[in-house]
Amino acid sequence: MHVLIVGSGGREHVTAWKFAQSSRVKRLTVAPGNAGILAMSWNDPRVRLVPLDAADDLQRFAEDEGVDLTFVGPEKPLSAGLVDRFRAAGLRIFGPTQAAARLESSKAYAKELMHALGVPVPEFRNFVSPEAARTYIRGLDYPVVVKADGLAAGKGSLVCDDTAQALQAVDTLMVEKRFGDAGNCVVVEKRLYGREASFFCFTDGYTIRPMAWARDYKQAFDGDEGPNTGGMGGYSPNDEMDPTLVEKIMQRIALPLVHGLAEREGTAYRGILYIGLMLVEEAGEPNPYVLEINVRMGDPEAQVIYPRLQTDLAEIAWACTDGALGNLHFDWSGDHYLCVCATSGRLRGKKGWYKGYPGRYRIGQPISGLEEVDDDVLLFHAGTRWDEEAGCFRVQGGRVLAVVAGRPTLAEARRAAYREIEKIRFNGVRYRTDIGAR
Ligand code: GLY
């Protein structure tokens, strides 16, 4: 089978690594990929990178090169309709259609749909007028979260403590347009208090298979301080989750959403569904409320979930595109996997200080120590570049690379990941030191 993976992040590196374990995969192309995947290709003749991004180039490549299955990593090509285009051309592709991807690309749509389907969501209202949003907020007696409707790289949800902050959030999103057109519409929703959790599943539109649980760390600094990031690390399994809770999420959220989408919108959701939840203690038990839906795998959650997956990812993706997921049995390793992301942190540059990821960060620094990292941990690149002339990798993004360790216990995985990440050196390297610390 010739598999094409679309994307270039750490998530796509671990996805490519997982596909490469499949004996069915005879050719594995990643578009455009990253330097870590390039390094895979040095040792595995099946793997290659193609510098393609545009939908028509990807379609032409898939047709000309006999791609059997395309797997889309990030949300952008999904919400731009890559799946619809491939399907219309008779090409097999894993991921939701543009209409289904609106669950992530329009928070207002997702909230309306879930509300209509009876899926538990916090109380909310959608607004296209800042004045109407302000009037609504002034009339509330509880704190809110103000969310940009459109895609904002995970930064468009502003959590507010009081009315003044909420009014400021409306200005930031709708008037100052910090995230551009993503703020043309906002969702104002009641702020819930509880435990945040993410639920990931594969679905073919009928069958839903939950993945192993993971915990991620969104804040930049230890102790969950500082600004939100794409994720600074994580671990799986997350023992805080139990089968009763999984059943509640399946019955109250995942099944009504996937089946409701098919019935109401005529859209079978095929791909990965990522449900961001708040678990609220009510009458002595946790009840799940949906904060947001994403239509792709989490990053860096993929880096700790996929290594635990014992079932062939190529087989899963194929079954999803065929509507045959119900025939597959899933196996997960009992080992604990923990991931720590090394980022480009605070550093002085020619024009003063760079605050560091998720703020402005420096790129270009050479990375050393990678060859010293033990073979018994995994290294996944996100923002790196291979410098052929200098013979080294260089920093090319905010999240640079991730060290992932799998061990029988979380404590052992944590020790191994932190022991190995210390060997990685570049100017400005910074990572959280409390991933997996109880
Ligand atoms: N780690 C959070 C995300 O992928 O959106």
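Hydrogens, waters and symmetry mates are skipped; everything else that's a heavy atom, side chains included, is used.
Between the side chain of D224 and the backbone N or O of Q219 there is no donor-acceptor pair closer than 3.5 Å. A distance-only check finds a donor-acceptor pair linking the side chain of Y217 to the backbone of G436 [under 3.5 Å]. Looking only at distances, a side-chain donor or acceptor of D204 sits under 3.5 Å from a matching main-chain atom of Y206. Although no hydrogens or angles enter the test, the distance criterion places a donor-acceptor pair under 3.5 Å between the side chain of Y269 and the main chain of I272. Judged by distance alone, with hydrogens and angles left aside, the side-chain atoms of D434 form no donor-acceptor pair with the main-chain N or O of A437 at under 3.5 Å. Panel note: side chain D216, backbone G231; no donor-acceptor pair is recorded below 3.5 Å.
Checked against salt bridge (Lys or Arg N to Asp or Glu O under 4.0 Å), R296 has the following partners two or more places apart in sequence or in another chain: E75, E104. Residues that satisfy the side chain to side chain contact (heavy atoms under 4.5 Å, CB included) test with R60, not counting sequence neighbours, are D56, D57, D64. K147 meets the salt bridge (Lys or Arg N to Asp or Glu O under 4.0 Å) test with E189; sequence neighbours excluded. With sequence neighbours excluded, the residues forming a ring pair (Phe, Tyr, Trp, His ring centres under 6.0 Å) with H115 are F124, listed by chain and number. Evaluation of the side chain to side chain contact (heavy atoms under 4.5 Å, CB included) rule for Y109 yields R102, L103, S106, L113, L261, E265 as partners, not counting sequence neighbours. D53 is linked by a side chain to side chain contact (heavy atoms under 4.5 Å, CB included) to P32, counting only residues two or more places apart in sequence or in another chain. Here F380 pairs with H13, W17 under the ring pair (Phe, Tyr, Trp, His ring centres under 6.0 Å) rule; sequence neighbours left out. For R92, the salt bridge (Lys or Arg N to Asp or Glu O under 4.0 Å) partners at least two apart in sequence or on another chain are D322. For A220, the side chain to side chain contact (heavy atoms under 4.5 Å, CB included) partners at least two apart in sequence or on another chain are P227, T229, P358, R430. K248 meets the salt bridge (Lys or Arg N to Asp or Glu O under 4.0 Å) test with E285; sequence neighbours excluded.
Residues R414 and I435 come closest through the heavy atom pair NH1-O, 2.7 Å. Heavy atoms only, all atoms of each residue included: P120 and P288 are closest at CG-O, 3.4 Å. V186 and A148 make their closest contact through CG1-CA, 4.5 Å (heavy atoms, listed as atom of the first residue, atom of the second, distance). Across T384 and V400, no two heavy atoms sit closer than the pair CG2-O, 3.5 Å. Nearest heavy atoms, P210 versus V246: CG-CG1, 4.3 Å. Nearest heavy-atom pair across I93 and L82 is CD1-O, 4.1 Å.
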Go through S22 and D312 one step at a time and tell me if the side chain to side chain donor-acceptor pair (under 3.5 Å) criterion holds.
-> CA-CA 6 Å; S22 169; D312 186 330; 2.8 Å; yes
Could you walk me through whether F71 and F94 pass ring-ring contact (aromatic ring centres under 6.0 Å, His included), step by step?
-> CA-CA 5 Å; F71 189 101; F94 174 91; 4.5 Å; yes
Verdict with reasoning, T163 to I137, per side-chain contact (heavy atoms from CB on, under 4.5 Å) = CA-CA 7 Å; T163 306; I137 287 167; 4.0 Å; yes
M114/I293 under side-chain contact (heavy atoms from CB on, under 4.5 Å): CA gap, chis, key distance, verdict = CA-CA 10 Å; M114 286 188 280; I293 300 285; 3.8 Å; yes
CA sep, side-chain torsions, deciding dist, call: Y289, E282, side chain to side chain donor-acceptor pair (under 3.5 Å) = CA-CA 12 Å; Y289 289 83; E282 290 168 332; 2.8 Å; yes
Any chance you could lay out the side chain to side chain donor-acceptor pair (under 3.5 Å) test for N287 and R252, step after step, and finish with the verdict?
-> CA-CA 10 Å; N287 282 323; R252 295 184 191 177; 2.9 Å; yes
Given side-chain contact (heavy atoms from CB on, under 4.5 Å), test R264 with H259 step by step and report yes or no.
-> CA-CA 9 Å; R264 291 174 64 107; H259 295 164; over 6 Å; no
CA sep, side-chain torsions, deciding dist, call: T311, E315, side chain to side chain donor-acceptor pair (under 3.5 Å) | CA-CA 8 Å; T311 311; E315 237 182 276; over 6 Å; no
Worked verdict on N184 versus V128 for side-chain contact (heavy atoms from CB on, under 4.5 Å) = CA-CA 6 Å; N184 286 351; V128 290; over 6 Å; no
Step by step, would you call D171 with R134 a salt bridge (Lys or Arg N to Asp or Glu O under 4.0 Å)?
-> CA-CA 9 Å; D171 278 357; R134 289 188 199 107; 2.9 Å; yes
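The stretch residues 303-344 participates, sequence neighbours left out, in these ring-ring contact (aromatic ring centres under 6.0 Å, His included) pairs: F202-F330. Residue pairs meeting the ring-ring contact (aromatic ring centres under 6.0 Å, His included) criterion with at least one partner in residues 135-166, sequence neighbours excluded, are F127-Y136.
Remark: R215 fails to qualify as a cation-pi partner of Y235 under the 6.0 Å distance and 45° angle criteria applied to the six-membered ring.
Residues L277 and S198 have side chains not in contact (no heavy-atom distance under 4.5 Å, counting atoms from C-beta outward). The closest side-chain heavy-atom distance from R270 to T321 is not below 4.5 Å. Taking the side chain as every heavy atom from C-beta outward, V3 and T70 never approach each other to under 4.5 Å. With contacts defined as side-chain heavy-atom distances shorter than 4.5 Å, the pair I275/I253 qualifies. Contact check for R87 versus D84: no side-chain heavy atoms found under the 4.5 Å cut-off. The closest side-chain heavy-atom distance from L28 to L4 is not below 4.5 Å.
Among E301, Q303, R308, the one residue that satisfies the side-chain hydrogen bond (donor to acceptor under 3.5 Å, both in side chains) test with S236 is R308.
Put simply, CD1 on I305 and NZ on K18 are 12.0 Å apart, with the number rounded to the nearest 0.5 Å. Atom CG in D331 sits 10.5 Å away from atom CG in L328 (nearest 0.5 Å). The distance from the CG atom of D335 to the OG1 atom of T409 is 9.0 Å, given to the nearest 0.5 Å. Residue L173 holds its CG atom at 7.5 Å from CZ of R178, rounded to the nearest 0.5 Å. Put simply, CG on L273 and CG on N294 are 9.0 Å apart, with the number rounded to the nearest 0.5 Å.
Checked against the 6.0 Å centroid criterion, the rings of F199 and Y274 do not qualify as a close aromatic pair.
Within a 6.0 Å radius of NZ in K355, other residues, nucleotides and ligands contribute 12 heavy atoms or fewer.
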